[in-house]
Amino acid sequence: MRPLLLSTLLAFSITPALAEEPSTEAPNEAARLSQQVQQLQSSLGQLQEQLATSEQERSTLEAQMSQQSAVPSAELDALQQQVKRLKHDNERLRQRLSEQSLEPKDNGLLNTQQTWYALGALTVVLSLLLGMMLRSGGKATKNAWLN
């Protein structure tokens with residue numbers, strides 16, 4: 001019986017000590033948790049302020065971008081039309097060039113080869129005429145000598 005009484009007494013003496021430890025830690029932990037909640041709330045407030053500032057900056061930047069992009073889009077349209085017109089002109093000029101390259105070139109009356117042939121023929125004709133003129137004049141004097 002003595003061991004039972006001793007164990008019961010020991011159990012009752014330890015139980016209040018165990019019960020007291022959590023009760024002293026509970027206010028400390030509650031205070032620590034409330035402090036963490038306050039820190040989280042303050043950081044949440046700061047983050048919300050930063051978010052509002054960032055959203056405001058984003059909206060102003062979007063407005064600036066839309067104003068700036070409106071001007072270049074008109075310039076871009078004008079440049080695209082100019083490029084389209086230049087491509088059309090380029091295609092038209094290429095077509096004219098191909099048509100002209102297919103046509104025979106008739107710049108003058110004769111080309112270089114024909115000019116040389118004509119010059120040679122003219123030389124032959126002139127030399128024949130000169131020879132006939134010289135011969136006919138010589139026959140008259142020759143016949144005169146024989147008579």
K.L.:
More than 12 heavy atoms of other residues, nucleotides or ligands under 6.0 Å from CD of Q36: yes or no?
P.N.:
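Count over threshold, so yes.
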K.L.:
Which residue, L129, L128, T123, forms the side chain to side chain contact (heavy atoms under 4.5 Å, CB included) with V125?
P.N.:
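Result: among L129, L128, T123, L129 is the only option passing the side chain to side chain contact (heavy atoms under 4.5 Å, CB included) with V125.
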K.L.:
Go through the structure and list residues passing salt bridge (Lys or Arg N to Asp or Glu O under 4.0 Å) with E55, not counting sequence neighbours.
P.N.:
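For E55 the salt bridge (Lys or Arg N to Asp or Glu O under 4.0 Å) partners, ignoring immediate neighbours, are R58.
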K.L.:
Identify all side-chain donor-acceptor contacts of residues 81-97 below 3.5 Å with residues at least two apart in sequence or on another chain.
P.N.:
none

K.L.:
Which other residues belong to the hydrophobic cluster containing L102, where Ile, Leu, Val, Met, Phe, Trp and Tyr are joined when side-chain heavy atoms lie under 4.5 Å apart, directly or via other members?
P.N.:
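Result for L102 is none, singleton.
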K.L.:
May I have the list of side-chain donor-acceptor pairs in residues 40-49 shorter than 3.5 Å, sequence neighbours left out?
P.N.:
from: S42; atom 1: OG; to: Q38; atom 2: O; distance (Å): 3.4
from: S42; atom 1: OG; to: Q39; atom 2: O; distance (Å): 2.8
from: S43; atom 1: OG; to: Q39; atom 2: O; distance (Å): 3.2
from: S43; atom 1: OG; to: L40; atom 2: O; distance (Å): 2.9

K.L.:
Without placing hydrogens or testing angles, list every side-chain donor-acceptor pair under 3.5 Å for residues 113-120, not counting sequence neighbours.
P.N.:
from: Q114; atom 1: OE1; to: N111; atom 2: N; distance (Å): 3.2
from: T115; atom 1: OG1; to: N111; atom 2: O; distance (Å): 2.7

K.L.:
Test of understanding: with side-chain contact (heavy atoms from CB on, under 4.5 Å), list the residues that count as partners of L130, not counting sequence neighbours.
P.N.:
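L134.
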